[in-house]
Amino acid sequence: MNVVSTSPSSTEILYALGVEPVAVSHACDYPPEAAELPAIDVSKVDARASADRHEQVRAATANGHLYRMDADRIGDLEPDLIVTQGVCGVCAVDDVLVDETLADLEVDPDVLALQANRLEDVLECVREVGEAVGRQDRAATLVSTLRDRIDAVEERVPDDDRPRTAVLEWMDPVRPAGSWVADVVTAAGGEYGLGDPGERSEPIEWDAFLEYDPEVLVVAPCGFDAERTCEQFDELAGRAGWDDITAVREDRVFVLDGSAYLTRWTPRLVDAVERLATLCHPETVGAPADDIVRP
């Protein structure tokens, strides 16, 4: 079966089920061997500063799609299955662009458009991909293992001590993470008050963020690794009132690779549950992992 993946999330799920796609999106970098595969798209965004990237995204999506697909390459590959997504057309190629591209080609692959808003949905995505590629048993085993890991964390964190937690997926403008992140924080023993579970993320005013006053702050911008986030951290920390935030005063501000752990709907969200639990409850869960850094 020739399988094409149009997003880093679906690529990770395919590899977790033992399926190597014949082509992926330009942003696919996990596992590392995925980055060596042919890319079927390019992004129209190239700015570095958060505010400039935000504006480029706004302009590109207002006039069409954020990505351009390589229709000739897809035609040459003759895929049997394209695994795409309907989660976020900003994060990766979505099902709308896939359908538009296939309309002009002679190939006629099956298209699996994954949808995920809650942590439970992510586990369902694993099952759907498993069925589409004939790996149902492997998918069921993986889902069972992931559930056991979540349960193990929930058993260790206290119910009566949940620190106010904020996870930011963008620094300028300030944008609390949405969708499944509220579930991740709750499973990790935190209280997430900047968005309802399953709801899309939206920018908020800085004053509203100061009023929330998180006790634990995790900064994990979409598409940034920890090093880049730290390099641009003044976009956040340079704002008036930063030093008065409880998490800042108590040295509980952390940087996490957003693409690796939080902004993609993959099995590594369970890694995020385990990591955030160490930030919310280090006294009962243990010390943070080495890849969690302080800015």
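One distance of note links CG of Leu194 with CG of Leu168; it measures 7.5 Å at 0.5 Å rounding. Between atom CE of residue Met171 and atom CZ of residue Phe233 there is a gap of 7.0 Å, rounded to the nearest 0.5 Å. With rounding to the nearest 0.5 angstrom, the CZ atom of Arg268 is 8.5 Å from the OG atom of Ser259. One distance of note links CZ of Arg175 with OG of Ser201; it measures 3.5 Å at 0.5 Å rounding. One finds the CH2 atom of Trp265 at 10.0 Å from the CD atom of Glu12 (value rounded to the nearest 0.5 Å). Rounding to the nearest 0.5 Å places CG of Leu256 at 7.0 Å from CG of Leu276.
Residues in residues 122-135 take part in these side chain to side chain donor-acceptor pair (under 3.5 Å) pairs, two or more places apart or across chains: Glu124-Arg127. The salt bridge (Lys or Arg N to Asp or Glu O under 4.0 Å) analysis of residues 76-85, with sequence neighbours excluded, yields no pairs. Every pair passing side chain to side chain donor-acceptor pair (under 3.5 Å) that includes a residue from residues 211-222 is listed here, sequence neighbours excluded: Asp213-Thr246.
Between Thr11 and Ser9, the closest side-chain pair of non-hydrogen atoms is not below 4.5 Å. In this structure, the side chains of Thr186 and Arg162 come closer than 4.5 Å at one or more pairs of heavy atoms. A 4.5 Å side-chain heavy-atom check between Thr84 and Ser10 finds every atom pair outside the cut-off. Looking at heavy atoms from C-beta onward, Leu81 lies in side-chain contact with Leu112 at the 4.5 angstrom threshold. Inter-residue side-chain proximity for Thr266 and Tyr261 is flagged as unmet; no heavy-atom pair is nearer than 4.5 Å. A heavy-atom distance below 4.5 Å is not found between the side chains of Val4 and Val24. Residues Val255 and Ile292 form no side-chain contact, since every pair of their non-hydrogen atoms from C-beta on lies 4.5 Å or further apart. Phe254 places none of its side-chain heavy atoms less than 4.5 Å from the side chain of Leu217.
Across all their heavy atoms, Val126 and Leu17 have their closest contact at O-CD1, 3.9 Å.
Distance alone, capped at 3.5 Å, places no donor-acceptor pair between the Thr284 side chain and the Val157 backbone. Formation of a donor-acceptor pair under 3.5 Å by the Asp70 side chain with backbone atoms of Arg73 is found in this model. A donor-acceptor distance shorter than 3.5 angstrom exists from the side chain of Asp41 to the backbone of His26, with no hydrogens or angles considered. No donor-acceptor pair under 3.5 Å is formed between the side chain of Thr278 and the backbone N or O of Val285. Between the side chain of Ser144 and the backbone N or O of Ala140, no donor-acceptor pair lies under 3.5 Å.
With side-chain heavy atoms closer than 4.5 Å counting as contact, directly or through intermediates, Tyr30 stands alone and belongs to no larger hydrophobic cluster.
Residues satisfying the ring-ring contact (aromatic ring centres under 6.0 Å, His included) criterion with Phe209, sequence neighbours excluded, are Trp206. With sequence neighbours left out, the side-chain contact (heavy atoms from CB on, under 4.5 Å) criterion links Asp121 to Ala116, Asn117, Arg118.
Taking the charged nitrogens against the carboxylate oxygens, Asp172 and Arg239 do have a contact shorter than 4.0 Å, which makes a salt bridge. A salt bridge links Arg294 to Asp251: at least one charged side-chain nitrogen sits closer than 4.0 Å to a carboxylate oxygen. The residues Asp257 and Arg275 are annotated as not salt-bridged, no charged nitrogen and carboxylate oxygen being separated by less than 4.0 angstrom.
Hydrophobic cluster membership differs between Leu37 and Ile13, with clusters built from Ile, Leu, Val, Met, Phe, Trp and Tyr side chains linked at under 4.5 angstrom.
Within a 6.0 Å radius of CG in Asp148, more than 12 heavy atoms belonging to other residues, nucleotides or ligands are found.
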